[in-house]
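Remarks on the structure that follows.
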Amino acid sequence: MQMTKFKNHQPHGNFKIPIHWKVSRLKHCLNICNGNSISDSKKEKYALNDLESTPYISTKDINVDNSTISENDLLYIPKKLVHYFRLAPKESFLLCIEGGSAGKKIAFLNFDACFVNKLASFTANKTNIITKYYYYYFKSQYVKDQFILSMNGLIGGVSISQIKNFECFIPTTEEQQKIVKFLDKKSLQIDEAIAKTEKMIELLKEHRKITIYNAVTCGINPNIPLKPSGVHWVGNIPTHWQIKRAKFIFNEVDERSITGTEELLSVSHLTGVTPRSEKNVSMFMSESYEGSKLCKPGDLIINIMWAWMGALGVSDQPGIVSPSYGVYRQKINDTFNSYYLEELLKSKNYVDEYNRRSTGLHSSRLRLYSHLFFDMKIGYPGIKEQNKIVEYIQNISQKIEIAIGYKQNEIEKLKEYKATLVDNAVTGKIKV
């Protein structure tokens, strides 16, 4: 078998390419241009899709992980206005050249499209050039390194003139075609493997959610007899569990901070009760938090405005919260294990009931006031059984987290393998 001969390529001394490959500048191989921006005031005008319109691609429409274009929220340019815009033809590719995604977001087009000025389009300008080879070439570390060295400006970017002068390799046309065919096939196989693994992660997360829901609403003994609670959001519960209205379990607390210097806590449906200092928030911060509501460890905090989404939690530390939040404290200590209480009250049936009970004209104005919460019935076991349920949930959750970690590591390995294949193929290190 005939071996491929390599030559050193300057200025990257030890970087070798096949001896018969040519080295040139991108401007001699590709037509490169950037697109046109649309003002916010005109975006609504271009939102409709019909047979006579052309998709308009912005940076946000390109998925950085798999180089696909999300077609769900695209803008569309009416046929009569397309001539005012730059058009990237089918089988060209787009690359982000400005901002945080510069050099990272790239997509090959299977349709004609207009595009924003932060993107550049690339199309072969010679018959011996295969555009898709250079699409893969731009995914290689060799080009990424050139891109990083050329970045400038406050928001970061590379000009069209700079990109045109990037070095590029020119394999024979036959080799370009073979490399594209090889990478198309391998990329599809790897992307399918990644998608299957991501699906498994979602199934593991769903299994964890179902496990927690069943445990906090029915217990962990599958053989224990159940009784109808008579309350649709409580459902069937073990015969020895009790049902009480929230007003018989909690007191509403309205203690206020004098100095406002205590730890500021926030409440969301995703993270429960967490210190604001641990969050990356860009919201306006008040000059003073005097008069904020005080809370203690074990207090139930409900974000009244977002309760319908499950924005509540049990605090594990003292602190202050917004005066518009509801703070509830157990009438009898150790009625609830804090972890159990939070998981129970954030379970789907309870959240659906908050949604039903909350008052307001529309979703952004719904409020779950204290009297509405106090009127709700809650089904639960004794504290000893709660502790066992929590131990069971945490044990299962830990195992699932480990399994998810393995799957996420598999995905990273697949992505690394894909990147290595692209690097080696477009630079001639593997013969395809």
Any chance the side chains of [X] and [Y] put a donor and an acceptor closer than 3.5 Å?
X: Ser58; Y: Asp61; result: yes
X: Asn349; Y: Ser347; result: no
X: Asn117; Y: Asn34; result: no
X: Glu262; Y: Ser257; result: yes

Is [Y] paired with [X] through a side-chain N to carboxylate O contact shorter than 4.0 Å?
X: Glu410; Y: Lys407; value: yes
X: Asp352; Y: Lys348; value: yes
X: Lys60; Y: Asp73; value: no

- Message: Nearest 0.5 angstrom please: Ile249 CD1 to Lys247 NZ, how far?
- Response: 12.0 Å
- Message: Taking ring pair (Phe, Tyr, Trp, His ring centres under 6.0 Å) as the cut-off, I'd like each qualifying pair that reaches into residues 98-124, sequence neighbours left out, listed once.
- Response: Phe93-Phe122, Phe108-Tyr135, Phe122-Phe138
- Contacts of Lys118 that satisfy side-chain contact (heavy atoms from CB on, under 4.5 Å) - sequence neighbours left out: Thr59, Glu98, Val116
- Task: Could you tell me how the ring of Tyr137 sits relative to the ring of Tyr142: parallel (under 30°), tilted (30 to 60°) or perpendicular (over 60°)?
- Result: tilted
- Message: Please find the pair of heavy atoms, one from Ser315 and one from Ile301, that lie closest to each other, and give the distance.
- Response: CB-CG1, 4.4 Å
- Looking only at heavy atoms, the pair that brings Ile243 and Ser229 closest together is CD1-CB, 3.4 Å
